[in-house]
Chemist: 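Dropping a structure here in structure tokens format, bear with me for questions.
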Protein chains: 2
Amino acid sequence: MTQHDLQAYDPSAYPPMAVTVDLVLMSVVEGQLTVLLQRRDQPPFAGVQALPGGFVGPAEGLDEAAARVLSSKAGFGGKQAWLEQLYTFGSPARDPRMRIVSVAYFALLPAGELAEAVAAGQGLVQMPLGAMEDVLAFDHAGIVALAHERLKGKLDYVPLAFALLPALFTLRDLQDVHEAILGKPLNKPAFRRRMLDSGWIEPTGEREVETAFRPAELYRCVAEGPRV
Amino acid sequence: MTQHDLQAYDPSAYPPMAVTVDLVLMSVVEGQLTVLLQRRDQPPFAGVQALPGGFVGPAEGLDEAAARVLSSKAGFGGKQAWLEQLYTFGSPARDPRMRIVSVAYFALLPAGELAEAVAAGQGLVQMPLGAMEDVLAFDHAGIVALAHERLKGKLDYVPLAFALLPALFTLRDLQDVHEAILGKPLNKPAFRRRMLDSGWIEPTGEREVETAFRPAELYRCVAEGPRV
DNA sequence: GCAAAAGTGTTGTGATTACACCCATGT
DNA sequence: ACATGGGTGTAATCACAACACTTTTGC
């Protein structure tokens with residue numbers, strides 16, 4: 001952005017492009033990492049599943065646009081979700097219609113809220129990450145794979161697992177989420193201690209109810225993150 | 001990118017934006033992590049240092065545009081550099097002239113090549129990361145800070161330090177680069193072993209020449225990375 | 001009292017650090 | 001010979017994992 005100043009003042013001299021945001025909306029449903037998809041009803045890729053997304057408005061920031069799309073698709077009532085920029089895709093060939101630069105975000109929601117979004121009946125479906133074999137439109141399969149990688153990589157350093165759980169949760173719930181993301185079982189005592197030593201959670205003194213056996217203690221997340 | 005298909009076919013219905021790439025071109029010069037900057041000669045921010053950048057062409061991918069800007073500013077002769085997408089900035093307020101979405105990249109060059117770029121006399125200057133106190137145009141100070149964070153975070157997992165060194169280097173050179181990036185001294189034997197065990201380097205059998213004292217062995221990087 | 005899952009104590013292992021030392025080279 | 005930095009061995013520390021064990025609840 002330096003030696004192109006003359007161009008910049010002439011609207012026809014720079015190449016205008018459409019900028020969109022695409023959302024990888026994830027949750028852990030019954031031990032499976034799951035993504036929210038939307039069936040396209042127009043070509044190209046009519047009838048194919050794709051990531052929800054939308055154009056960035058003229059006076060709208062990128063994070064702002066992502067948050068708008070998030071609340072419009074998963075119009076959850078005033079609750080919070082993790083929302084983080086993932087990567088920007090801008091290959092000239094990625095959309096056959098026109099030049100589109102797309103800023104991908106990933107969003108994390110508790111399973112209950114994902115289910116609500118699906119139940120709202122706006123054509124949204126949830127699909128386990130393992131079940132989608134190249135059935136996504138555009139380059140969206142690669143975007144989902146990248147989101148999964150990022151999730152795995154940050155899991156131990158950043159308190160993002162809590163965005164996939166309700167406000168109160170047990171250590172077993174938390175471990176299930178970690179195992180779903182990493183795709184492998186974890187040792188229970190080791191996991192417990194790592195979490196308790198992390199400073200991310202605090203015990204509430206409350207306990208589960210309606211359990212068949214001994215009820216587990218409920219914990220609360222006390223860590224901060226990019227929640228919208 | 002799903003429910004806006006009708007808009008997408010009408011050029012006037014989507015908000016066109018200019019898309020640029022900005023480069024954080026870094027090297028380690030005399031133990032200091034250093035960034036390549038360019039003095040702006042046009043308002044806004046005339047006379048102020050900024051990151052080199054440029055518009056993304058109509059048929060050009062983002063990585064491609066970044067590589068083009070890299071080779072035009074630091075027109076190094078056929079050598080290789082580390083080039084990696086960093087983050088995308090799109091606040092409506094970030095450029096007072098018009099709506100610009102900028103995809104930031106960071107690039108890593110050996111100190112010698114950075115010096116060549118400066119010597120070429122295209123108005124480029126190098127500045128140590130510690131020395132720039134909010135003297136950058138636009139939101140570029142934040143971009144540089146983010147690049148530094150990313151560099152620190154990936155240093156132990158990804159073989160990017162070698163992009164800051166010539167093809168042959170000593171373990172001491174490598175340690176100096178790590179220390180400059182992390183901003184703290186490292187233990188010599190521990191660092192040695194970590195590097196030798198990493199599988200990223202291999203000894204050449206060659207040795208330094210013209211040293212005052214015992215010459216160190218020269219190593220070569222055998223790891224792959226996103227080099228352009 | 002028994003089944004099932006919560007929660008804890010103890011031990012072992014691998015990785016990394018810290019410190020001390022030896023080695024090789026040019027003056 | 002000696003100063004200087006390259007290079008190596010050994011012990012200590014830490015984090016984490018594995019395992020066995022105790023505890024608590026509902027039926």
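Everything numeric here is computed off the predicted structure, so don't read it as measured data.
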Chemist: Establish, with yes or no, whether the OP1 or OP2 oxygen of C/dA6 is under 4.0 angstrom from a side-chain nitrogen or oxygen of A/Arg172.
Modeler: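 Yes, within the criterion.
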
Chemist: Taking the six-membered ring for Trp and the single ring otherwise, decide whether the centroids of B/Phe138 and B/Phe89 are under 6.0 Å apart.
Modeler: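 That pair fails the under 6.0 Å test.
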
Chemist: Rounded to whole angstrom units, what separation is found between the CZ atom of B/Arg207 and the C1' atom of C/dA24?
Modeler: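 These atoms are roughly 8 Å apart.
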
Chemist: Take the protein atom OH of A/Tyr219 and the nucleotide atom P of C/dA6, then report the distance between them rounded to whole Å.
Modeler: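 The answer, rounded to whole Å, is 12 Å.
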
Chemist: Test your reading of the model: is there a side-chain donor-acceptor pair from A/Glu206 to the backbone of A/Glu217, 3.5 Å cut-off?
Modeler: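 No, because the side chain of A/Glu206 does not come within donor-acceptor range (under 3.5 Å) of the backbone of A/Glu217.
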
Chemist: Let's see if you get this right: which residues in residues 177-189 of chain A place a heavy atom under 4.0 Å from DNA chain C?
Modeler: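 By residue number: A/Lys188, A/Pro189.
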
Chemist: Rounded to the nearest 0.5 Å, how far apart are CG of A/Leu168 and CZ of A/Arg207?
Modeler: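 Atom-to-atom, A/Leu168:CG and A/Arg207:CZ are 13.5 Å apart.
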
Chemist: Could you state the interatomic distance from CG (B/Leu25) to CD (B/Gln126), rounded to the nearest 0.5 Å?
Modeler: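 Answer rounded to 0.5 Å: 11.0 Å.
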
Chemist: If we ignore hydrogens and angles and just use 3.5 Å, is the side chain of B/Glu179 paired with the main-chain N or O of B/Leu186 as donor and acceptor?
Modeler: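 Flag set: sc B/Glu179 to bb B/Leu186 pair under 3.5 Å.
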
Chemist: Check the distance between C/dA15's C1' and B/Arg194's CZ and give it to me in whole angstrom.
Modeler: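 Taking CZ of B/Arg194 and C1' of C/dA15, I get 11 Å after rounding.
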
Chemist: With heavy atoms under 4.0 Å as the rule, sort A/Thr211 into base, sugar-phosphate or nothing.
Modeler: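 Here A/Thr211 touches the backbone only, sparing every base.
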
Chemist: Which is true for A/Ala212 with a 4.0 Å heavy-atom rule: it touches a base, it touches only sugar-phosphate, or it touches nothing?
Modeler: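 Sugar-phosphate contact only - A/Ala212 comes under 4.0 Å of backbone atoms but never of a base.
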
Chemist: Which one, C/dA3, D/dG5, C/dT17, comes nearest to the side chain of B/Ala190?
Modeler: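 Of C/dA3, D/dG5, C/dT17, C/dT17 is nearest to the side chain of B/Ala190.
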
Chemist: When A/Ser102 is tested against each of A/Thr88, A/Asp139, A/Thr20, A/Asp95 for side-chain hydrogen bond (donor to acceptor under 3.5 Å, both in side chains), which residue passes?
Modeler: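 Among the candidates, only A/Thr20 passes.
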
Chemist: Hey, which of these two, B/Ala216 or A/Arg193, hits DNA chain D nearer its 5' end, going by closest nucleotide?
Modeler: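 It is B/Ala216, whose closest nucleotide lies nearer the 5' terminus.
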
Chemist: Are any of B/Arg214's side-chain N or O atoms less than 4.0 Å away from OP1 or OP2 of D/dT4?
Modeler: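 Checking D/dT4 against B/Arg214, no side-chain N or O comes under 4.0 Å of OP1 or OP2.
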
Chemist: Please state how far atom CG in A/Leu196 lies from atom C1' in C/dG7, giving the value in whole angstrom units.
Modeler: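 After rounding, the reported distance stands at 10 Å.
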
Chemist: Whether the A/Tyr105 and A/Asp63 side chains hold a donor-acceptor pair (N or O, under 3.5 Å, no angle test) is what I'd like checked.
Modeler: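 Yes, because at least one side-chain N or O of A/Tyr105 sits under 3.5 Å from a partner of the opposite role on A/Asp63.
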
Chemist: Figure out the CG/P separation between B/Asp197 and C/dG14, and round it to whole Å.
Modeler: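 Whole-Å distance recorded here is 14 Å.
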
Chemist: Whole-Å distance between D/dA15 C1' and A/Tyr157 OH?
Modeler: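 Atom-to-atom, A/Tyr157 to D/dA15, this comes out as 13 Å.
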
Chemist: Under 4.0 Å between a side-chain N/O of B/Arg192 and OP1 or OP2 of D/dT8, yes or no?
Modeler: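 Result: yes.
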
Chemist: Among the candidates D/dG6, D/dT25, C/dG7, find the nucleotide nearest to the side-chain atoms of A/Pro215.
Modeler: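 So the side chain of A/Pro215 is nearest to D/dT25.
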
